[in-house]
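Everything quoted here is computed from the prediction, not taken from an experiment.
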There are 2 protein chains.
Amino acid sequence: MTYGTLCHKGFEGVTTVGLRERKKEKTRLAIFDAALDLFLEQGYESTTVEQIAGAVEISPRTFFRYFTGKDHLVLLFHDQAEELMLEVLAGLPPDEPPFACLMRALRAVLADVRAAAPEHADRFMKLRRLLDEHPRLFGQSVARGAETERHLAEAIAARRGVDPDRDQLTHLIVGFAMSTMRVGFECSRQDGTMEEVQERMAESIALAERSLRPGWDL
Amino acid sequence: MTYGTLCHKGFEGVTTVGLRERKKEKTRLAIFDAALDLFLEQGYESTTVEQIAGAVEISPRTFFRYFTGKDHLVLLFHDQAEELMLEVLAGLPPDEPPFACLMRALRAVLADVRAAAPEHADRFMKLRRLLDEHPRLFGQSVARGAETERHLAEAIAARRGVDPDRDQLTHLIVGFAMSTMRVGFECSRQDGTMEEVQERMAESIALAERSLRPGWDL
DNA sequence: CAATCTACTGTCAGTCCATGACTTATGACA
DNA sequence: TGTCATAAGTCATGGACTGACAGTAGATTG
């Protein structure tokens with residue numbers, strides 16, 4: 001599930017989704033927003049779970065029922081992006097070259113953020129700034145990316161009809177794709193708008209495709 | 001400084017290095033070895049700093065004077081590998097293509113481990129197994145790799161005469177290089193010898209070079 | 001060799017993250 | 001409405017880390 005699809009489901013099923021579930025989602029986002037703002041204000045390390053919980057008026061214990069830990073907050077988007085990428089991948093024709101598939105999936109993630117409510121795009125950009133300002137968080141983001149990389153590698157291996165435990169090329173394809181993605185996401189001073197991110201990502205993808213030999217990933 | 005160079009310095013300066021410093025290095029390695037064995041035996045999470053300290057007969061407080069934290073143990077090699085790669089990079093002729101430079105630096109790291117005392121190669125392989133068995137640790141390793149990636153990007157940017165904050169290609173080059181490196185390191189069942197690692201790394205490098213357009217990184 | 005300086009080590013107290021066990025509150029639903 | 005399931009709060013605990021202070025042992029100098 002992603003922000004985009006969440007919105008969609010919101011339209012078609014708002015009445016069937018119980019009060020309970022709606023309340024939960026509201027709390028989850030409230031925690032996320034409060035935490036993001038606190039992190040940006042006073043830094044990640046110096047923000048305690050107690051503070052975050054206090055800001056949303058829940059007990060610290062409850063915080064851990066919504067997020068596995070402080071780290072997890074920063075990885076909310078990663079969870080959703082991974083899920084969406086795998087969905088997109090599953091829906092693409094089997095003869096589409098692997099790297100092109102991954103680039104499609106990547107573009108789908110950005111499109112999904114834009115398709116969602118504007119406040120979601122704001123969260124996305126805030127998170128981006130946060131990652132840019134705190135190398136430690138960026139590291140966590142990359143670590144989470146490594147997990148995604150494994151899952152994508154399985155999907156790509158299946159698609160290529162090879163054993164993911166043996167085929168190095170599969171991992172290279174996914175690794176290159178993730179690198180392309182990270183390069184596109186990097187801030188380094190500039191930009192604050194979603195458009196600019198999409199633009200830079202397009203640049204990065206173009207650069208990667210220009211760098212690779214045609215048919216290298218077959 | 002690396003294991004290889006450490007050994008070298010050992011020969012030429014063992015008398016000039018004070019007892020104090022030698023003792024410190026011995027303690028550092030003792031901690032490292034004890035921790036690695038404990039991690040492999042009973043897992044990373046379920047090994048406490050107290051246990052590690054106990055095994056080496058130091059106080060838990062002292063542990064933190066040698067390593068910044070439990071995580072840091074797993075990243076000892078990363079520190080040394082990064083340092084060596086930057087050194088190698090600095091010594092290469094300016095007209096050597098960037099990606100080739102990075103592959104050279106990468107090979108130098110492996111050569112350095114092999115050149116060092118056999119127990120260092122053992123540590124290297126143990127660590128490799130540990131990372132393979134614990135996804136969480138692998139994540140930390142990748143996160144540390146992201147830091148190295150930044151440093152390498154600066155070196156490559158200087159070498160290419162571009163601003164590292166603006167030039168996407170520089171980051172792509174380094175990203176692709178790191179991906180190639182990770183693919184070569186991956187275990188996935190097989191091997192236990194240093195030779196096999198070197199072999200797989202060579203495969204991975206060959207695969208990468210075959211995938212990239214000639215002159216893509218200029 | 002002795003006195004002194006310096007830096008490593010241990011002890012102690014305290015903070016924060018995280019989790020398990022148990023109790024209370026609240027939405028779901030017959 | 002009353003019962004049930006699940007969410008939220010409370011309490012207690014353990015483990016990672018840090019700062020402050022004291023003791024100890026290698027280094028240095030005369």
Side-chain angles (χ1 to χ4, degrees), chain A residues 13-32 34-36 38-39 41-76 130 134-137 139-140 143-144, chain B residues 13-32 34-36 38-39 41-76 130 134-137 139-140 143-144:
Chain A
V14 71
T15 53
T16 67
V17 176
L19 164 63
R20 205 165 198 159
E21 208 163 325
R22 267 177 290 150
K23 220 171 157 183
K24 251 178 81 175
E25 200 51 33
K26 223 175 91 182
T27 304
R28 160 169 277 107
L29 288 178
I31 296 174
F32 185 68
L36 229 56
L38 283 170
F39 291 163
E41 267 172 47
Q42 41 179 310
Y44 178 75
E45 320 279 359
S46 43
T47 301
T48 69
V49 171
E50 204 177 347
Q51 281 181 309
I52 300 170
V56 197
E57 298 188 296
I58 57 171
S59 81
R61 186 69 184 85
T62 297
F63 169 86
F64 290 103
R65 293 203 175 94
Y66 280 92
F67 295 92
T68 59
K70 236 172 102 178
D71 321 2
H72 190 200
L73 279 166
V74 171
L75 304 175
L76 198 59
L130 193 63
H134 300 265
R136 180 142 175 301
L137 295 185
Q140 284 181 8
R144 177 66 181 81
Chain B
V14 72
T15 54
T16 66
V17 176
L19 165 64
R20 208 166 195 157
E21 207 164 326
R22 267 177 289 149
K23 222 172 156 183
K24 249 178 83 173
E25 200 51 32
K26 224 176 90 183
T27 304
R28 160 170 277 106
L29 287 177
I31 296 174
F32 185 67
L36 229 56
L38 283 170
F39 290 164
E41 268 172 46
Q42 40 179 311
Y44 178 76
E45 321 279 0
S46 43
T47 301
T48 69
V49 171
E50 203 177 347
Q51 281 180 308
I52 300 170
V56 197
E57 299 189 294
I58 55 170
S59 81
R61 188 67 185 84
T62 296
F63 169 88
F64 289 104
R65 293 200 175 97
Y66 280 91
F67 295 92
T68 59
K70 234 172 103 178
D71 319 1
H72 189 200
L73 278 167
V74 172
L75 303 176
L76 198 60
L130 193 64
H134 299 265
R136 180 141 175 302
L137 294 185
Q140 285 180 7
R144 177 65 181 80

Asks: Check every atom of C/dC22, C/dA7, C/dT11 against the side chain of A/Arg65 and return the nucleotide holding the closest atom.
Replies: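 The listed nucleotide nearest to A/Arg65's side chain is C/dC22.
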Asks: Report the distance from atom CZ of A/Arg22 to atom P of C/dT26, rounded to the nearest whole Å.
Replies: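 These atoms are roughly 17 Å apart.
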Asks: Could you check A/Ile58 against B/Glu50 and say which one's nearest nucleotide on DNA chain D is further toward the 5' end?
Replies: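 The residue mapped nearer the 5' terminus is A/Ile58.
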Asks: Which atoms form the tightest heavy-atom contact between B/Phe32 and B/Leu73, and what is the distance?
Replies: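 Of all heavy-atom pairs spanning B/Phe32 and B/Leu73, the closest is CE1-O, 3.0 Å.
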Asks: Taking side chain as C-beta onward, heavy atoms only, is A/Phe63 less than 4.5 Å from A/Glu50?
Replies: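 When only atoms from C-beta onward are counted, A/Glu50 and A/Phe63 do not touch, as no gap falls below 4.5 Å.
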Asks: How far apart are the closest heavy atoms of A/Val17 and A/Arg22, and which atoms are they?
Replies: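 Closest heavy-atom pair between A/Val17 and A/Arg22: O-NE, 3.3 Å.
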Asks: Roughly how many Å is it from CZ in A/Phe67 to C1' in C/dT19, rounded to a whole number?
Replies: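 Answer to the nearest Å: 18 Å.
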Asks: Between A/Arg61 and A/Glu45, which is nearer to the 5' end of DNA chain C once each is assigned its nearest nucleotide?
Replies: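 This one resolves to A/Glu45.
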Asks: What is the separation between atom CG on B/Leu73 and atom C1' on D/dC17, rounded to the nearest whole Å?
Replies: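 The distance from CG of B/Leu73 to C1' of D/dC17 comes to 14 Å, rounded to the nearest Å.
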Asks: Give the nucleotide from the list C/dC16, D/dA16, D/dA8 with an atom nearest to the side chain of A/Tyr66.
Replies: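 Per side-chain heavy atoms of A/Tyr66, the pick is D/dA8.
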Asks: Determine the interplanar angle of the B/Phe67 and B/His72 rings, folded into 0 to 90°, and report it as parallel if under 30°, tilted if 30 to 60°, perpendicular if over 60°.
Replies: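 Plane angle over 60°, so perpendicular.
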Asks: For B/Thr48 and B/Lys23, take the nucleotide of DNA chain D holding the closest heavy atom to each; which residue's nucleotide lies nearer the 5' end?
Replies: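 So the residue in question is B/Thr48.
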Asks: Roughly how many Å is it from CZ in A/Phe63 to C1' in C/dT19, rounded to a whole number?
Replies: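 For the pair A/Phe63 CZ and C/dT19 C1', the rounded distance is 14 Å.
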Asks: For B/Thr47, which contact category applies under a 4.0 Å heavy-atom criterion: base, sugar-phosphate, or nothing?
Replies: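 Sugar-phosphate contact only - B/Thr47 comes under 4.0 Å of backbone atoms but never of a base.
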Asks: Once you round it to whole Å, what is the distance between P of C/dC5 and CZ of B/Arg20?
Replies: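 My rounded result for the distance is 14 Å.
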Asks: Check every atom of C/dG10, D/dT10, D/dC17 against the side chain of A/Ser59 and return the nucleotide holding the closest atom.
Replies: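 Of the candidates, D/dT10 comes closest.
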Asks: D/dC17, C/dC17, D/dA20: which one has an atom nearest the side-chain heavy atoms of B/Phe64?
Replies: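 Looking only at heavy atoms from C-beta outward on B/Phe64, the closest nucleotide is D/dC17.
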Asks: Among the candidates C/dT9, D/dC17, C/dT19, find the nucleotide nearest to the side-chain atoms of B/Thr62.
Replies: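 Closest of the options to the side chain of B/Thr62: C/dT9.
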Asks: Does a nitrogen or oxygen in the side chain of A/Lys24 sit under 4.0 Å from OP1 or OP2 of D/dA7?
Replies: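 Yes, because at least one side-chain N or O of A/Lys24 sits under 4.0 Å from OP1 or OP2 of D/dA7.
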Asks: Let's see if you can work this out: which of D/dC17, C/dA18, C/dT6 has an atom nearest to the side-chain heavy atoms of B/Lys70?
Replies: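 Of all the options, the side chain of B/Lys70 is nearest to D/dC17.
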Asks: Output the rounded distance in Å from CD (B/Glu21) to P (D/dA25).
Replies: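 In whole Å, D/dA25 P lies 20 Å from B/Glu21 CD.
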Asks: With the side chain counted from C-beta on, respond yes when A/Thr62 and A/Val56 share a heavy-atom pair under 4.5 Å apart, and no when they do not.
Replies: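 No; the side chains remain at least 4.5 Å from each other.
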Asks: What integer distance in Å separates A/Leu19:CG from D/dA5:C1'?
Replies: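 After rounding, the gap between these two atoms is 15 Å.
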Asks: In whole angstrom, give the distance that lies between atom CD of B/Gln51 and atom C1' of D/dG14.
Replies: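 The answer, rounded to whole Å, is 13 Å.
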